[in-house]
Amino acid sequence: MRLATFTDYGLRILSYLACTPERRFSTGELAAQFRVSQHHLTKVVQDLARGGFVQTRRGAGGGITLARNPDQIRLGAVVRHLERRFALVECCQANGGNCVLKPRCLLKPRLLAAQEAFLNDLDRWTVADCAWRAEATAA
């Protein structure tokens with residue numbers, strides 16, 4: 001399964017914020033860190049905020065922080081939220097896609113089961129499990 005770049009950046013943002021949860025970061029700082037356009041990163045942050053994963057505050061003293069403890073944010077929940085617009089295959093699109101096999105297809109339920117197994121495995125892990133730790137690089 002391949003995650004959308006949008007989701008990749010969402011997971012990176014959460015992992016990065018989890019490293020110093022008491023600090024607020026600007027979208028500019030995060031965009032520079034990840035070498036991506038600030039405009040694109042802003043969209044990702046807005047979607048993370050809509051999902052309740054981050055909080056944003058404008059103005060002096062503003063920035064982006066995690067909305068809750070990193071050990072309470074499950075990776076599966078984040079991926080489900082960010083990938084909701086992206087279909088695994090065409091027939092999984094909200095409109096059903098344009099598949100000629102649709103009436104007799106046995107592939108879709110198997111792909112959906114595999115996707116759910118993937119997400120269920122991600123549910124075992126939290127953002128805290130993915131946060132960079134200085135002591136981890138010393139080994």
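In this text, all values refer to a predicted model and were calculated from it rather than measured experimentally. Only heavy atoms go into these numbers, but all of them, side chains included; no hydrogens, no water, no symmetry mates. Residue numbers start at 1 and run along the sequence shown.
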Practice task
Mark yes or no for whether R84, through its side chain, and H81, through its backbone, hold a donor-acceptor pair below 3.5 Å.
Solution key: yes

Exercise for the section: Take atom CZ of R68 as the centre, draw a 6.0 Å sphere, and report whether it contains more than 12 heavy atoms from other residues, nucleotides or ligands. Expected result: yes

Handout entry: Inter-residue atom distance L66.CG - R24.CZ, 0.5 Å rounding
Key = 10.5 Å

Handout entry: Minimum-distance pair of heavy atoms, taken over all atoms of Y9 and V44
Key = C-CG1, 4.1 Å

Handout entry: Contact check, side chains of L17 and F53, non-hydrogen atoms, under 4.5 Å
Key = no

Handout entry: Gap between atom CD of Q55 and atom OG1 of T65 - 0.5 Å precision
Key = 4.5 Å

Fill in the blank from the handout: Here the pair of heavy atoms bringing A67 nearest to G52 is CB-O, 3.2 Å

Problem - Single-linkage hydrophobic cluster W125~V78, side-chain heavy atoms < 4.5 angstrom - result: yes

Practice task
Could you tell me whether the side chain of V127 reaches within less than 4.5 Å of the side chain of L75, counting heavy atoms only?
Solution key: yes

Practice task
May I ask you to decide if I64's main-chain N or O and R57's side chain share a donor-acceptor pair within less than 3.5 Å?
Solution key: no

Handout entry: Pairwise side-chain contact, I13 with F25, heavy-atom cut-off 4.5 Å (strictly under)
Key = no

Handout entry: CG on L122 to SG on C130, rounded to 0.5 Å
Key = 8.5 Å

Practice task
Please determine, by modelled atom types, if T126 and D129 share a side-chain donor-acceptor pair under 3.5 angstrom.
Solution key: yes

Practice task
For R2, look at atom CZ and say whether over 12 heavy atoms of other residues, nucleotides or ligands are found less than 6.0 Å away.
Solution key: no

Problem - Non-hydrogen side-chain atoms of L82 and L48 separated by less than 4.5 Å - result: yes

Exercise for the section: Name the orientation class of the two ring planes belonging to Y16 and F34 (parallel below 30°, tilted from 30 to 60°, perpendicular beyond 60°). Expected result: perpendicular

Exercise for the section: Following the transitive rule for hydrophobic clusters with a side-chain heavy-atom cut-off under 4.5 Å over Ile, Leu, Val, Met, Phe, Trp and Tyr, establish whether V79 and L112 coincide in one cluster. Expected result: no

Handout entry: Contact check, side chains of F6 and E83, non-hydrogen atoms, under 4.5 Å
Key = no

Handout entry: Nearest heavy atoms of D123 and A77, plus distance in Å
Key = OD1-N, 3.6 Å

Practice task
Would you mind checking if R80 and E116 are paired as a salt bridge, meaning a charged N to carboxylate O distance below 4.0 Å?
Solution key: yes

Practice task
May I ask you to decide whether K43 forms a salt bridge with D47, counting only side-chain N to carboxylate O separations under 4.0 Å?
Solution key: no

Completion exercise
Residues A31 and Q38: closest non-hydrogen pair is CB-CA, 3.7 Å

